[in-house]
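Input: one structure, supplied below.
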Amino acid sequence: MASRALDRLTDALVRMAGGPAELDRPSKAEHGDYATNVALRVAAAKGVAPRDFAQEIAASAPEIEHVERAEVAGPGFVNLFLSPSWYAQALGEILESGKDFGGGSAETAERVQVEMVSANPTGPLTVGSARNGAFGDAVARLLEFAGHEVEREYYVNDIGRQVELFRESVEARRRGEEPPEDGYTGEYVSEIASVPGDPVDRMLEEIKAELMRFRITFDSWVLQREIEGEIAAALPKLDTYEAEGTTWARTSAHGDDKDRPLVRSSDGSFLYYASDVAYAENKFARGFDRLLYVLGADHHGYVARLKAAAAMLGHDPARLEVLIYQLVHLVEGGQARQASKRRGDVVFLSELIDKIGIDAARWYLVSRGHDQAIEIDVDLARERSEKNPVFYVQYAHARIAGILRNAGGVEPSGDGAAPTAEERELVKRLVELPGIAREACERRGPHAVTTYAIRVADDFHRFYHHHRVLGTDEEAFRLGLCVATKSVLARCLDLVGVEAPDRM
RNA sequence: GCGCCCGUAGCUCAGUGGAAGAGCAGCGGACUUCUAAUCCGCGGGUCGCAGGUUCGAAUCCUGCCGGGCGCGCCA
């Protein structure tokens, strides 16, 4: 947590105790506004009993500005009870910060490249690619909000066996013949076949349009064809040897579990790892401070070899970061559907969007930890779309917009005489945003944002139900709460690429 | 066989050393109101199992069980 109002409390406790302090929100109201473990953390180092030390802290805590009283609890927690002045200050600071509230947490701004989606142009985007994009784009947005400069890139595998197989499959269809062995057979193959032109070019255009519809815009598109020409220059920088009639990269000496072949024995053409190396070198040469690769769990074996490439090329492997997300499994009609483009038995992003909408799709795909497999029951996702948490959060935003539309000339303010329980909870929730945004960014975990947004909406709906805003003695303060809450909700939604409607 | 990931309420999942949570599903309540797509209440747990570290473990370490993904000339 890192709002200024919170930081000042933490700093004061650190000075008082002479050691590290953390503030937590207790689950029970009788445990105060905030609880600190400072006595537990420091007592051991000082060689005193935790509870005794906690007593000392609790006794002098009221000397800290805005601390009304303090109690010792459990093994040595200190529960802090804050005065109304703290809430006024905290809310005032949020209003003052406006749209910037919670941002700019980066200590040093970096140039970061996020390579994501990069699906082969051999078929429409699947829900797996959608998770890649929703996750990668949310991470990119978090990085930008923290103050980093981000470039989004899509790597197009426009050459190689798969795209040739795709071309042959389409051409076979045009001639009315059976597709080749292991060829592509989906319905979309027929559609591509029915219009003239190169199937790969056309597929790529469809992917670009689909991504735009999904609100993901790329700054650059790199073709494997272009990288291929840089392989010859990159390979000499590697640690290689000849064996079995081919050239190998000694990646096992750099953390990989086995070496990787660079050249195909049969015809001397470059293999995929050679392109990986050249592409990584190409990225580093563009001067990025950090390279993020967003890959599905079925590519987790790439982590070690990509880092090995960075090391062999003379770069710090820590600057090359691979973000792995678990796969998206689909269930429809009680049957699992495997994501395989070649068999054509797969749910495409377009189908998911048609059924549950862009907002729900983006929300749902980032709202779980990236290490967690997502199981989507396609039928159920549609039926329950109105109960999707995204609507709950959007509704809170729209409700506030409604209040603000009806508001007269009263100026929103942080000053309130004696905030009620619901108002206190809401303010404490809002001041969490900076910490949530920073942690979500540093851990590359945007799902923390959606989890937090639900809590904010929860606290607001509760406040709304218990207290009228307009035409009350507390109108200025409550309007301030509304403005701040709307801003925080809008920020959270934007960070995951979901719209914040003013009306629903 | 080896590597990565997962195992928390009936279901879907948050919670990476500090007092076990949310949503959905179930049951019962609340609309002369700034939006009832909301709110209030109730029930529900050997945090996969067993050890270890620690004042303190769902969280860290070891082993095991169960599930997912992957394991050089495809990308």
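Each chain gets a letter, A, B and so on, in the order its sequence line appears, and its residues count up from 1. Fair warning: this is a prediction, and the values are worked out from it, not measured in the lab.
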For this session: For B:A14, take OP1 and OP2 only and decide whether either is under 4.0 Å from a side-chain N or O of A:Gln372.
Result: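 Yes, because at least one side-chain N or O of A:Gln372 sits under 4.0 Å from OP1 or OP2 of B:A14.
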For this session: From the options B:G18, B:C73, B:G72, select the nucleotide whose nearest atom is closest to the side chain of A:Arg41.
Result: B:G18
Exercise. B:G48 and B:A58: how far apart are their C1' atoms, nearest whole angstrom?
Worked result: 12 Å
Exercise. Closest to the A:Arg161 side chain: B:U35, B:C74, B:C69?
Worked result: B:C74
For this session: Would you give a per-nucleotide map of nucleotides 37-44 of chain B, 5' to 3', where B means the base has a protein non-hydrogen atom under 4.0 Å away, S means only the sugar-phosphate does, and - means neither?
Result: BSSS----
For this session: Can you tell me the distance, in whole Å, between the CD1 atom of A:Ile454 and the C1' atom of B:G21?
Result: 12 Å
For this session: Would you mind classifying the nucleic acid contact of A:Gln224 as base, sugar-phosphate or nothing, using non-hydrogen atoms under 4.0 angstrom?
Result: sugar-phosphate
Problem set entry | Distance, rounded to the nearest Å, where A:Leu23 contributes CG and B:G17 contributes C1' | 17 Å
Seminar exercise, completed: So, with a heavy-atom separation below 4.0 Å from RNA chain B, the residues of residues 470-480 of chain A are A:Leu470
Exercise. What is the nucleic acid contact for A:Asp259, judged by heavy atoms within less than 4.0 Å: base, sugar-phosphate only, or nothing?
Worked result: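 Base, at least one base atom sits under 4.0 Å.
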Problem set entry | Separation of the P atoms in B:C61 and B:C5, to the nearest angstrom | 10 Å
Exercise. P atom, B:G18 versus B:C4: distance in rounded Å?
Worked result: 25 Å
Exercise. Within the structure shown, what part of the strands sits under 4.0 Å from A:Ala398 by heavy-atom distance: base, sugar-phosphate, or nothing?
Worked result: base
Exercise. Base, sugar-phosphate, or nothing: which does A:Gly402 touch, judged by heavy atoms less than 4.0 Å apart?
Worked result: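 Contact class for A:Gly402: sugar-phosphate only.
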For this session: Hey, can you tell me if A:Tyr279 and A:Tyr293 have their rings parallel, tilted or perpendicular (30° and 60° cut-offs)?
Result: perpendicular
Exercise. How is A:Leu40 classified with respect to the nucleic acid when contacts are heavy atoms under 4.0 Å: base, sugar-phosphate, or nothing?
Worked result: base
Exercise. Of all the choices, B:A14, B:A75, B:C73, which nucleotide is nearest to the side chain of A:His299 once you look at every atom?
Worked result: B:A75
For this session: Determine, answering yes or no, if A:His447 is stacked on B:A14 under the 5.5 Å centre rule and the 30° plane rule.
Result: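 No; by the centre-distance and plane-angle rule, A:His447 does not count as stacking on B:A14.
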Exercise. Using the C1' atom in both, what is the distance from B:C6 to B:C39, to the nearest Å?
Worked result: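 Straight-line distance between the two C1' atoms is 36 Å.
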For this session: Name the nucleic acid region contacted by A:Thr451, choosing base, sugar-phosphate or nothing; use a 4.0 angstrom heavy-atom cut-off, strictly under.
Result: sugar-phosphate
Problem set entry | Between A:Tyr464 and A:His461, ring centroids under 6.0 Å |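 They do not qualify: ring centres at least 6.0 Å apart.
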Exercise. Got a salt bridge between A:Glu71 and A:Arg69, using NZ or NE/NH1/NH2 to carboxylate O under 4.0 Å?
Worked result: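 Looking at A:Glu71 and A:Arg69, the cut-off is met.
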Exercise. In whole angstroms, how far is the P atom of B:C74 from the CG atom of A:Asp182?
Worked result: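 A:Asp182 atom CG is separated from B:C74 atom P by 13 Å.
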Exercise. What interatomic distance, in whole Å, is found between P of B:C73 and the corresponding atom of B:A14?
Worked result: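 To the nearest whole Å, 35 Å.
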For this session: Classify the nucleic acid contact of A:Asn79 as base, sugar-phosphate or nothing, counting any heavy atom under 4.0 Å across all strands shown.
Result: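 The answer is base, as A:Asn79 lies within the cut-off (heavy atoms under 4.0 Å) of a base atom.
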Problem set entry | Nearest-Å distance once atom C1' is located in both B:U53 and B:U59 | 13 Å
For this session: Taking syn as within 90° of 0 and anti otherwise, name the glycosidic form of B:G48.
Result: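 Anti for B:G48; the angle lies over 90° from 0.
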Seminar exercise, completed: Of the listed B:C73, B:G18, B:C6, the closest approach to the A:Pro261 side chain comes from B:C73
For this session: Test for a donor-acceptor pair under 3.5 Å between the base of B:C69 and the side chain of A:Gln326, counting only N and O atoms.
Result: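 A donor-acceptor contact between them is absent.
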Exercise. Of the options A:His465, A:Arg462, A:His467, which is the one that meets A:Glu422 in a side chain to side chain donor-acceptor pair (under 3.5 Å)?
Worked result: A:His467
For this session: Indicate, with a heavy-atom threshold strictly under 4.0 Å, whether A:Ala73 touches base, sugar-phosphate, or nothing.
Result: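 Base, at least one base heavy atom under 4.0 Å.
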Exercise. Please give, in whole Å, the distance from B:C4 C1' to A:Leu323 CG?
Worked result: 15 Å
For this session: Tell me what A:His397 touches on the nucleic acid: a base, only sugar-phosphate, or nothing, going by heavy atoms under 4.0 Å.
Result: nothing
For this session: Would you mind telling me which of B:C74, B:G72, B:C69 lies closest to the side-chain atoms of A:Gln162?
Result: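 So the nucleotide nearest the side chain must be B:C74.
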Problem set entry | Side chain of A:Lys258 (C-beta onward), nearest among B:C34, B:C71, B:G72 |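 From the listed options, B:C71 comes nearest.
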Exercise. Taking the inter-plane angle between the rings of A:Tyr272 and A:Tyr302 on a 0 to 90° scale, is it parallel (under 30°), tilted (30 to 60°) or perpendicular (over 60°)?
Worked result: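 Ring orientation, 0 to 90° scale: tilted.
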For this session: Kindly say whether, by distance alone, the side chain of A:Tyr302 makes a donor-acceptor pair under 3.5 Å with the base of B:A75?
Result: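 Check passes, donor-acceptor contact within cut-off.
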Problem set entry | Residue A:Arg264, side-chain heavy atoms: nucleotide from B:G18, B:A75, B:G70 that is nearest |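 Looking only at side-chain atoms, A:Arg264 lies closest to B:A75.
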For this session: Have a look at A:Val263 and say if it touches a base, only the backbone sugar-phosphate, or nothing, with a 4.0 Å heavy-atom cut-off.
Result: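 Answer is base: heavy atoms of A:Val263 come under 4.0 Å of a base.
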Exercise. So, for A:Phe460 and A:Phe463, is the gap between ring centers shorter than 6.0 Å?
Worked result: yes
Problem set entry | Nearest-nucleotide pick for A:Asp298, side chain only, options being B:A75, B:A19, B:C69 |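 Of B:A75, B:A19, B:C69, B:C69 is nearest to the side chain of A:Asp298.
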Exercise. Of all heavy-atom pairs between A:Ala134 and A:Leu365, which one has the smallest distance, and what is that distance?
Worked result: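 Closest pair (atom of A:Ala134, atom of A:Leu365, distance): CB-CB, 3.9 Å.
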For this session: Would you mind classifying the nucleic acid contact of A:Asp257 as base, sugar-phosphate or nothing, using non-hydrogen atoms under 4.0 angstrom?
Result: nothing
For this session: Return no unless some side-chain N or O of A:Arg455 is found under 4.0 Å from OP1 or OP2 of B:G23.
Result: no
For this session: Please work out the stems of RNA chain B from pairs that are Watson-Crick or G-U wobble with both distances under 3.5 Å, keeping only runs of three or more consecutive pairs.
Result: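 Runs of three or more consecutive pairs: B:1-7 with B:65-71, B:10-13 with B:21-24, B:26-30 with B:38-42, B:48-52 with B:60-64.
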Exercise. Counting side-chain heavy atoms from CB outward, which of B:C5, B:U16, B:A14 is closest to A:Glu439?
Worked result: B:U16
